[in-house]
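Heads up, the thing below is written out as structure tokens.
Every chain is numbered from 1, with letters handed out A, B, ... down the list of sequences.
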Amino acid sequence: MTKFNRTLVTTALPYANGPVHIGHLAGVYVPADIYVRYMRMKGEDVLLIGGSDEHGVPITIKAKKEGVTPQDVVDKYHNIIKDSFEKFGISFDVYSRTSSKIHHETATEFFETLNEKAEFIEKSSEQFYDSEANQFLADRYITGTCPHCKNEKAYGDQCESCGTSLNATDLIDARSAITGNKPQLKETKHWYLPLDKYEPFLKEWILEEHKEWKPNVYGQCKSWLDNGLHPRAVTRDLNWGVPVPVEGADGKVLYVWFDAPIGYISATKEHTPDWEKYWKAEDSKMVHFIGKDNIVFHCIIFPAMLKAEGSYILPENVPSNEFLNLEGDKISTSRNWAVWLHEYLEEFPEKQDVLRYVLTANAPETKDNDFTWKDFQARNNNELVAIFGNFVNRALVLTHKYFGGLVPEAGELTDFDKETLAQIPVLKAEVEKNLETYHFREALKVAMNLARLGNKYLADTEPWKVIKTDEARVKTILNISLQISANLSTLMEPFLPFTAEKLRGFLNIDRIEWADMKDVVIPVGHQINKPELLFEKIEDATIQAQVDKLEATKVANELENRVATPVKENINFDDFMKMDIRIGTITEAEKVAKTKKLLKIKVDTGVDTRTVVSGIAEHYKPEEIIGKQVSVLMNLEPRKLKGIESQGMILMAEDADGKLAFVSPEKAVAAGSEVR
RNA sequence: GGCGAGGUAGCUCAGUUGGUUAGAGCGCAUGAUUCAUAAUCAUGAGGUCGGCGGUUCAAACCCGCCUCUCGCUACCA
């Protein structure tokens, strides 16, 4: 810690095509905020940087779908996101956006510098082009028939029906999503960052010099580095983004992953003219808070970019969290399976700290975790209310009851008093140690121990009994209880800033610096205010309403899935009769080596025994399907899969969740029976 | 299939230079208590540390194989 004189903390830029949810908060913004609040309280020079990531293809598609401009889309979500963060107390020094002028300038300049230093490779390749729309088509802008599952609405990068990732050129009957025309292949030039050039440097820097990074981060980097790095394109053919600042590069923009991390630099610039100090001075420490999906960008690609530029420092640590699930399922924006922050703020007014607490206590630091409303309720009622809120309430109520709200004078301290007070610096040090090593869950638990300590102190000293015989002793006890309460407001401040503020209001005191946490922080004779409740219990009905809301989402999703595949166009009887479907009996089945999904199956079709490769290994084990009668499409064009020729297709029924089942006759029939 | 991360009490997690009876919080049980939002305090029950095998005087921790979860990746319905 002595090595550095200032700290720059960045948080992953949320993508501005939707609002933010609890997963964002738990994985990135709450831990980052805790960290910087702590450092500020210690008087350190620290900046918290954030902003919206507003470029990229999905935003242009969303805009098109809604009939608005991409700028309209990002304006809308940038404001919602920014507002949610503000209300949750994420204390950004600056929350910027990548569509801003300053970012365009910064990114342009960054690209130009690398270009002048000849750090890029220029390469041409053939890509689909829509001549009517007069533009190259990003993979997402191309639709066509999936070569595997025959879904007619597959995208150029992925078929969402069968989950296969595709190349646009794989699609059968590819169409432009803009005009519906058949696109042509046309040559286009792009700039590539030769990551392979930095491989030796990155290996040394990460694998040797940063063994202290979290295991998931270190392991992921090692995996990438061991597999070998390749040049990556930093530009795309698109008209939404930062234009490539080179003569003749019309219609090309910087690729989002190149553009977005530069957003950290632009945001810092926007905040202070002194930005270079944070980004370039050797005694500056940079920390990136991100989710696990971003590890490769922040540990490999962005450092390579910074290194190529030459004048920037590299991150000292990249504390990346795993994912937060919701009630057992993955959080999903498109499936609306999320607790949206802007909705929470409306439904649980003034309870930002409750969510901050729960998300920190249950943060996905080492593995994916599950957020449940029941756990939310339990932590609020059993921990915040019962331990923290209750202790403060006891101390304040007793002070008002016996001494009219004036801080009483402490007399001679007993050994127990001294032991109790001695715990304050011990807990403080333990919280520090955990925060500085990014163990926020543990840090919060330790901080709560101060409230536990208070409760134990009151239970053991029993002032409500002692008051009958020894008022002076009670003065001492309550003085100490109030000192603990005041220290709690400081120790909890990084985690629960709203609560800390409220507590200081009860105690009628100003903010206490981190270093000033100690046995005496409130003077004798100080008037404290009438306390209210620090936290309220959350009733079953409130929780049930949230669970019901999610349940409704699930039902709505199912309904949507059901109508998702409309009935195809009518065909005539002859077309139908072209298909030769027969019942066959599976005689052999084995897993295809080096695949996860494929089984090589031999089927007795009555006329022959043929080999069919089928992607059902995740649903059926080879041994359990032998002897099964199944439907086989006999006259499907043979296709080679993993070097094995598949002669036909076994028909499967697939439900909305992707579960597969054979289409089998309801009673045994002769092999080769035709299906009509 | 390859690679990475994880699999420790009912739940959420700590726990490495391998060393006495494996820890915490919540939940649960019992007792105490009433200042406090029936909150608190004490005590206790509860674990073959995913499975099998190996190294060692000694393994949750090291090695091998297997298995489950999550992610990345692969000529993959």
Side-chain angles (χ1 to χ4, degrees), chain A residues 146-151 159 161-166 170 214-224 226-227 291-293 295-296 320 322-323 325 330 358 361-370 372 374-375 378-379 381-387 389-402 434 439 441-442 444-446 448-449 451-452 454-467 474 477-478 481 531-537 591-599 612-619 639-643 646 649-652 654 658 660:
Chain A
C146 172
H148 308 298
C149 70
K150 311 300 175 205
N151 164 34
C159 170
S161 174
C162 68
T164 309
S165 47
L166 303 167
D170 294 339
K214 286 172 66 168
N216 57 340
V217 177
Y218 186 89
Q220 188 69 228
C221 291
K222 187 166 179 346
S223 177
W224 273 80
D226 288 350
N227 284 330
K292 68 174 166 186
D293 50 336
I295 290 174
V296 63
S320 161
E322 302 285 302
F323 286 155
N325 293 326
K330 271 178 215 179
V358 173
N362 190 25
E365 285 181 6
T366 50
K367 62 170 187 185
D368 291 359
N369 265 351
D370 200 22
T372 65
K374 204 170 152 245
D375 180 63
R379 288 193 185 274
N381 293 356
N382 303 333
E383 298 177 30
L384 289 178
V385 172
I387 296 169
N390 185 38
F391 165 66
V392 168
N393 193 237
R394 297 170 86 184
L396 298 190
V397 166
L398 286 170
T399 303
H400 274 281
K401 194 164 173 177
Y402 299 146
N434 280 301
H439 293 112
R441 207 167 42 193
E442 185 65 18
L444 178 58
K445 201 159 98 181
V446 174
M448 280 297 281
N449 282 344
R452 290 181 219 284
N455 277 318
K456 182 172 159 50
Y457 180 72
L458 284 179
D460 287 356
T461 53
E462 299 182 304
W464 50 90
K465 274 190 189 165
V466 177
I467 190 70
V474 173
I477 294 168
L478 288 184
S481 299
E532 296 158 41
L533 295 182
L534 215 43
F535 301 100
E536 292 165 357
K537 286 201 119 186
K591 194 106 183 277
V592 177
K594 300 194 178 185
T595 67
K596 200 188 287 182
K597 297 176 181 175
L598 297 187
L599 290 187
V612 176
V613 177
S614 186
I616 59 173
E618 287 177 319
H619 302 82
R639 184 188 157 92
K640 270 202 171 179
L641 296 172
K642 278 282 173 186
S646 180
M649 180 164 145
I650 294 179
L651 302 188
M652 306 298 298
E654 181 180 13
L660 297 180

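- Remark: B:rU43 base-pairs with B:rA29. Criterion, Watson-Crick or G-U wobble with two distances under 3.5 Å.
- Taking side-chain N and O atoms only, A:Arg441 has a distance below 4.0 Å to OP1 or OP2 of B:rA14.
- Between the side chain of A:Asn393 and the backbone N or O of A:Gly389 there is no donor-acceptor pair closer than 3.5 Å.
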Item to check | Worked check of side-chain contact (heavy atoms from CB on, under 4.5 Å) between A:Trp464 and A:Arg394 | outcome: CA-CA 11 Å; A:Trp464 50 90; A:Arg394 297 170 86 184; 3.7 Å; yes
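- Between A:Asp368 and A:Lys330 there is no salt bridge, since no side-chain N of the basic residue sits under 4.0 Å from a carboxylate O of the acidic one.
- Residue order along RNA chain B, read from the 5' end via each residue's closest nucleotide, puts A:His439 first among A:His439 and A:Val397.
- Across all strands shown, B:rC35 forms no Watson-Crick or G-U wobble pair with both distances under 3.5 Å.
- Note on A:Ala378: nothing from the nucleic acid sits closer than 4.0 angstrom, heavy atoms only.
- Nucleotides B:rA60 and B:rA9 place their C1' atoms 14 Å apart, quoted to the nearest Å.
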Return the polar atom pairs (N/O with N/O) between nucleotides 3-6 of chain B and the protein under 3.5 Å, or none.
unit_1, atom_1, unit_2, atom_2, d
B:rC3, O2', A:Ser223, OG, 2.8
B:rG4, O2', A:Gln220, N, 3.4

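- Across all strands shown, A:Phe391 has no heavy atoms under 4.0 Å from either base or sugar-phosphate atoms.
- Residue contacts for A:Leu534: at a heavy-atom cut-off of 4.0 Å it reaches a base atom on one of the strands shown.
- As judged by a 4.0 angstrom heavy-atom cut-off over every strand, A:Asn390 is placed among the base-contacting residues.
- Every side-chain hydrogen bond (donor to acceptor under 3.5 Å, both in side chains) that A:Asp460 has, sequence neighbours left out, goes to A:Lys456.
- Across all strands, A:Lys456 comes closer than 4.0 Å only to sugar-phosphate atoms, never to a base (heavy-atom distances).
- Distance A:Leu533 CG to B:rA39 C1': 11 Å, rounded to the nearest Å.
- Atoms CG (A:Leu458) and C1' (B:rU34) sit 12 Å apart, rounded to a whole Å.
- At the phosphate of B:rC41, neither OP1 nor OP2 sits under 4.0 Å from any side-chain N or O atom of A:Arg394.
- Under the Watson-Crick or G-U wobble criterion, with both distances below 3.5 Å, B:rG4 is paired with B:rC70.
- A 3.5 Å limit on both hydrogen-bonding distances identifies no Watson-Crick or G-U partner for B:rA9.
- Here the separation of B:rU12 from B:rC28, taken at their C1' atoms, is 16 Å to the nearest Å.
- With salt bridges taken as basic N to acidic carboxylate O contacts below 4.0 Å, none links A:Glu322 and A:Lys367.
- Across all strands shown, B:rU21 remains unpaired; no Watson-Crick or G-U wobble contact has both distances below 3.5 Å.
- Across all strands shown, the partner of B:rC52 is B:rG64, judged by Watson-Crick or G-U wobble contacts whose two distances both fall under 3.5 Å.
- Within 6.0 Å of atom CD in A:Glu532, 12 or fewer heavy atoms from other residues, nucleotides or ligands are found, so the atom counts as exposed in its surroundings.
- For B:rG25, the OP1/OP2 oxygens have no side-chain nitrogen or oxygen of A:Asn449 closer than 4.0 Å.
- Comparing A:Lys445 and A:Lys401 by the nucleotide of RNA chain B that holds the closest heavy atom to each, the one mapping nearer the 5' end is A:Lys445.
- Nucleotides B:rG53 and B:rU48, compared at atom C1', are 16 Å apart to the nearest Å.
- Atom CG of residue A:Leu478 and atom CG of residue A:Leu396 lie 10.0 Å apart, to the nearest 0.5 angstrom.
- The pairing partner recorded for B:rC75 is none, the criterion being a Watson-Crick or G-U wobble arrangement whose two distances lie under 3.5 angstrom.
- Judged by distance alone, with hydrogens and angles left aside, the side-chain atoms of A:Arg379 form no donor-acceptor pair with the main-chain N or O of A:Val358 at under 3.5 Å.
- In this structure, A:Trp464 places its CH2 atom 16 Å from P of B:rA32, rounding to the nearest Å.
- The residue A:Ile467 sits apart from the nucleic acid: no heavy atom pair falls under 4.0 Å.
- At distances below 3.5 Å, not a single donor-acceptor pair connects side-chain atoms of A:Ser223 with backbone N or O atoms of A:Gly219.
- With both ends at atom P, the span from B:rA22 to B:rC26 equals 22 Å, rounded to whole Å.
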